[in-house]
Amino acid sequence: MDTKLVFGNAAAFATPMLAMFAVDLAADKNAEPRPAALTSSADLQRAVATLLASGEFKAGLGEVALLHAPAGVKAERLLLVGLGKAGDFSLDRIRKGAGTAVRAAKPRSVRGMAIAFPDAQAPGEALSAVLTARAMVEGAAIAEVDWDTYRSDRKDCAVDSLTLIAGETNAGMQRGFEEGQIVAAAQNFARALVNEPGNVLTPTELGARAKAMCNEAGLKCEVHSSEKIQELKMNAFWAVAKGSAQPPALIVMTYTPAIALAQGSPVLGLVGKGITFDTGGISIKSADGMEKMKYDMAGAAAMLGAMHAIARLQPAVKVIAVVCSAENMPDGIAYKPGDIVTAMSGKTIEIVNTDAEGRLVLADGLHYAKTLGCTHLIDAATLTGAVSIALGALNFGVFSNDEATCQKFRDGLKTSGEKGWRLPCTDDYRDHIKSEIADIMNTGKNRYGGSISGAMFLKEFAGDTPWVHLDIANCAWNEEKKPWLAYGPSGVALRSIVEWVRSYSA
Ligand code: BES
Ligand code: ZN
Ligand code: ZN
């Protein structure tokens, strides 16, 4: 989707479809809806006045109404997009509104459209121009994609061109617009990887795609396989990988900023779980829903996408991404419950369940990132089913061993518009992973607090290095389509990881 930002009068802009936002000014949920268009243009106000007065359109979040040949407006159609209650007006609502507008245009075969920025009348505190523009462009670009690549009945109903119209020239908006395009392209790239089936996206293929992305973006990229993984004594990673006919991939991507950094500047390590298919291994999963386990590499995809965005945003901080990719399969030479492996760090691990494979590959990934000089770590992983039990599908799980590092991440959530909820990972939970016969075991002692057990396991390998762990198993795949988001891969956590990285820029 070719996207432009222009400054001017939306009512005078010729386009097949112009979208504009509306909010509900009703004081509380029991009061009659009072929908109001978020525009200071008298022409646009007039064009929607009858519709608003009719009471048909309540400006609920995700609600749309379409007017053809609106009087006094140059556009062929005017789409009114509800953002919900005025009191809930926020960047998040703008992001969703822009997405709703694009997804409303698609089935109507509208190829070119425009969206007007909400202007003067927006209630509440003033939103930053940079972030508003980012929200608009990100929301629109993410909403545009439908994951129908593999469908023969695919309806080619893409929106080819989008113009965002802001009233007054604003340098902040221009910057936000450009940043938003970079981040949204990275997120769609990550989503496309997650959408690929396991037979297409093997660890080797993930490595090839990382290489291609890095070449294009100007990042250093190394892809290693079985030999190097064993040579490095990444035995936990290798234990998971060895049962598959598909060789594993250890992907290392490095971003070095153009400007010289002071001695002792932070080096950020981004570690991703890249299980391209998780059968559970010998502790095999039940058949129900197993097909979903192609998305067990969503953490890795988030890191590939984040590196793509970082290469283009050029923050003044060094970043190294380590992706541990393998397929978890049952086989004659697969690892087994009861096996004991010595991780790269030297810690011994009792394997209790081969389906808890993500923490094993990450154990070596986190340790390896430290040996590469990383001073701060973040990992993203579809680690536990339990995180859905704890948090539903709205907030991913956030865990950390360091207050300041975690706070930086959580501050970034406000900008990224993503939701993450911190769960405990304090030493009093260490009992969960205590083993009688090895240093630790790879499951909790029971199924309670399963996501915390997973985090506690990873914490052993982060050690004293400040670290944030994101359990995205509950958010990586959008099960319920929304007015602003298609069914399928979400690309979750990427935007927040990018914000976290930017917060360290010197
Ligand atoms: N890949 C799964 C977690 C998962 C579940 C991701 C649902 C996405 C959706 C992970 O490897 C796994 O199987 N975890 C086990 C751990 C248990 C055996 C300790 C789980 O959550 O059941
Ligand atoms: Zn598993
Ligand atoms: Zn898994």
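Order of appearance sets the numbers: ligands from 1, and atoms from 1 within every ligand.
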Between the side chains of Arg95 and Asp92, is the shortest nitrogen-to-carboxylate-oxygen separation below 4.0 Å, so that they form an ion pair? no

Give a yes or no on whether a salt bridge exists between Glu479 and Lys292, defined as a side-chain N under 4.0 angstrom from a carboxylate O. yes

I need the atoms of ligand 1 closer than 4.0 Å to a non-hydrogen atom of Asn353, numbered in the order shown. 18 (C)

Ligand 1 to Thr382, heavy atom cutoff 4.0 Å, flagged ligand atoms 1 (N), 2 (C), 3 (C), 6 (C)

Examine Ala473 and say whether one of its N/O/S atoms is closer to the Zn ion (ligand 3) than 2.8 Å. no

For [atom], find the nearest protein heavy atom and state the residue, atom name and distance (0.1 Å precision).
| atom | answer |
| --- | --- |
| atom 20 (C) of ligand 1 | Gly385 N, 3.9 Å |
| atom 15 (C) of ligand 1 | Asp355 O, 4.0 Å |
| atom 17 (C) of ligand 1 | Ala356 CB, 4.3 Å |
| atom 2 (C) of ligand 1 | Asp278 OD2, 3.6 Å |
| atom 10 (C) of ligand 1 | Leu383 O, 3.3 Å |
| atom 7 (C) of ligand 1 | Met293 CE, 3.7 Å |

Under a 3.5 Å cutoff, is there a donor and acceptor pairing between the side chains of [X] and [Y]?
| X | Y | answer |
| --- | --- | --- |
| Lys211 | Asn215 | no |
| His367 | Ser345 | no |
| Asp288 | Ser286 | no |

Say whether [X] and ligand 1 are in contact under the criterion: heavy-atom distance to a ligand atom below 4.0 Å.
| X | result |
| --- | --- |
| Tyr295 | yes |
| Lys285 | yes |
| Lys273 | yes |

Taking the six-membered ring for Trp, are Phe457 and Phe461 parallel (under 30°), tilted (30 to 60°) or perpendicular (over 60°)? tilted

Between Tyr295 and Trp477, what is the ring plane arrangement, given parallel below 30°, perpendicular above 60°, and tilted in between? parallel

Return yes when at least one protein heavy atom is under 4.0 Å from atom 22 (O) of ligand 1, and no when none is. no

Polar-atom distance check: Asp296 versus ligand 1, any N or O pair below 3.5 Å? yes

Atom name in Glu357, limited to N/O/S, at shortest distance from the Zn ion (ligand 2): OE1

Identity of the nearest option to atom 19 (C) of ligand 1, non-hydrogen atoms only, from Arg447, Glu357, Arg359: Arg359

Measure from NZ or CZ of Lys408 to the centre of the six-membered ring of Tyr504 and say whether it is under 6.0 Å with the direction within 45° of the ring axis. yes

Centroid-centroid distance, Phe399 to Trp467, less than 6.0 Å: no

Just to the nearest 10 degrees, tell me the angle at the Zn ion (ligand 2) spanned by Asp355 OD1 and Asp278 OD2. 100°

Does the pair Glu357 and Lys273 meet the rule for a salt bridge (Lys or Arg N to Asp or Glu O under 4.0 Å), with working shown? CA-CA 10 Å; Glu357 83 298 338; Lys273 170 178 174 182; 3.0 Å; yes

Output the distance between atom CE (Met293) and atom CG (Asn328), rounded to the nearest 0.5 Å. 11.0 Å

Restricting to N, O or S atoms of Asp296, which is nearest to the Zn ion (ligand 3)? OD2

